[in-house]
Amino acid sequence: MPRKSVHKAPFISFEGGEGAGKTTQAQLLKQRIETHQIPVLLVREPGTTPLGEQVRNIIKTSDNVPAADALLFMAARAQLMNDIIVPNIQTGTTVICDRFADSTIAYQGYGGNLNLDRLRHANELATDEIKPDLTVLLDVPPETGLHRRDADDESTGETQRRFEELPLRFHRNVRRGYIEMARREPARWVRIDASKEPREVADDVWRHVAEFFNL
Ligand code: TMP
């Protein structure tokens with residue numbers, strides 16, 4: 001499939017299972033990029049647009065079948081892509097996305113057993129075939145990630161949990177999916193050991209980003 005290029009600025013996504021630290025690392029990367037006086041925007045999936053935030057609420061609170069979840073994520077993605085990601089990368093603002101299309105392949109495909117090729121096609125529709133330039137996989141064993149999530153939720157009072165409650169088998173399949181995707185497309189993916197301390201992980205992320213974009 002030919003890869004479209006509308007990028008004037010890089011498009012970076014963060015991926016990983018529950019409790020991998022994506023949100024923290026995406027924020028730390030944004031701060032680090034800003035110190036180089038490079039315009040940068042952080043968005044999240046599902047979310048950021050009004051539709052995306054509504055989808056986030058639905059998927060966290062109602063028990064949908066995997067195909068319904070996949071289509072909801074796709075709808076949020078199409079809107080985010082059109083309204084925010086493309087206009088920014090076209091006009092020179094780096095975009096960091098906390099989860100993107102690969103999350104649906106990992107969670108609804110490898111985790112939820114939906115057909116991977118069908119999901120890839122739906123992703124092409126949602127993204128107009130635009131892929132991140134760099135995808136950072138924050139890799140942790142699910143046992144570690146889920147344990148971290150429990151501790152975080154306790155301290156923040158977060159009560160909306162859904163995918164976190166699924167059996168360990170689901171989370172192992174999600175991780176296997178991410179590792180397979182990273183192996184298949186090594187030019188786009190970088191896999192980082194996210195079981196280390198957040199500062200060490202941030203340094204690893206930065207090393208790869210700086211090298212990738214010649215900063
Ligand atoms: P998070 O961004 O806080 O991790 O919450 C999003 C949840 O939605 C998380 O459990 C992963 C899940 N998810 C999917 O299952 N498929 C997707 O395509 C996306 C974007 C998220």
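Please read these numbers as outputs of a predicted model, since none were measured by experiment. In each ligand, atom 1 is the first atom listed, and ligand 1 is the first ligand listed.
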Return the orientation label for the Phe170 and Phe163 ring planes: parallel under 30°, perpendicular over 60°, tilted otherwise. parallel

Do any nitrogen or oxygen atoms of [X] come within less than 3.5 Å of a nitrogen or oxygen of ligand 1?
X	answer
Asp98	no
Glu164	no
Arg56	yes

Report, in ascending order of atom number, the atoms of ligand 1 lying under 4.0 Å from any heavy atom of [X].
X	result
Gln108	14 (C), 15 (O), 16 (N), 17 (C), 18 (O)
Ile59	8 (O)
Phe163	8 (O), 10 (O), 12 (C), 15 (O)
Thr104	17 (C), 18 (O)
Arg77	18 (O), 20 (C)
Glu18	9 (C), 10 (O), 11 (C)

Could you walk me through whether Arg77 and Leu80 satisfy the side chain to side chain contact (heavy atoms under 4.5 Å, CB included) test, starting with their C-alpha distance in whole Å, then the side-chain angles of each, then the deciding distance to 0.1 Å, before giving a yes or no? CA-CA 5 Å; Arg77 185 163 301 138; Leu80 180 67; 5.8 Å; no

Suppose we call two aromatic rings close when their centres sit under 6.0 Å apart. Are Phe11 and Phe100 close by that rule?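 Yes, they do, as the ring centres are separated by less than 6.0 Å.
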
Using heavy atoms and a 4.0 Å limit, tell me yes or no: is Arg44 in contact with ligand 1? no

Assess Lys60 for proximity to ligand 1: is some non-hydrogen atom of it under 4.0 Å away?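 Lys60 counts as a contact of ligand 1 under the 4.0 Å cut-off.
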
Among Glu165, His171, Arg99, closest by any non-hydrogen atom to atom 4 (O) of ligand 1: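 Closest candidate by heavy-atom distance is Arg99.
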
Do the side chains of [X] and [Y] get close enough for a salt bridge, i.e. N-O under 4.0 angstrom?
X	Y	answer
Glu211	Arg207	no
Lys131	Asp102	no
Glu124	Arg120	no
Arg191	Glu15	no

Does the pair Val205 and Phe14 meet the rule for a side chain to side chain contact (heavy atoms under 4.5 Å, CB included), with working shown? CA-CA 10 Å; Val205 171; Phe14 275 85; 3.9 Å; yes

For the atom pair CD (Glu18) and CZ (Arg148), what is the distance rounded to the nearest 0.5 Å? 12.5 Å

Which residue and atom name correspond to the protein heavy atom nearest atom 13 (N) of ligand 1, and how close is it?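 Closest protein heavy atom to atom 13 (N) of ligand 1: Phe73 CZ, 3.3 Å.
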
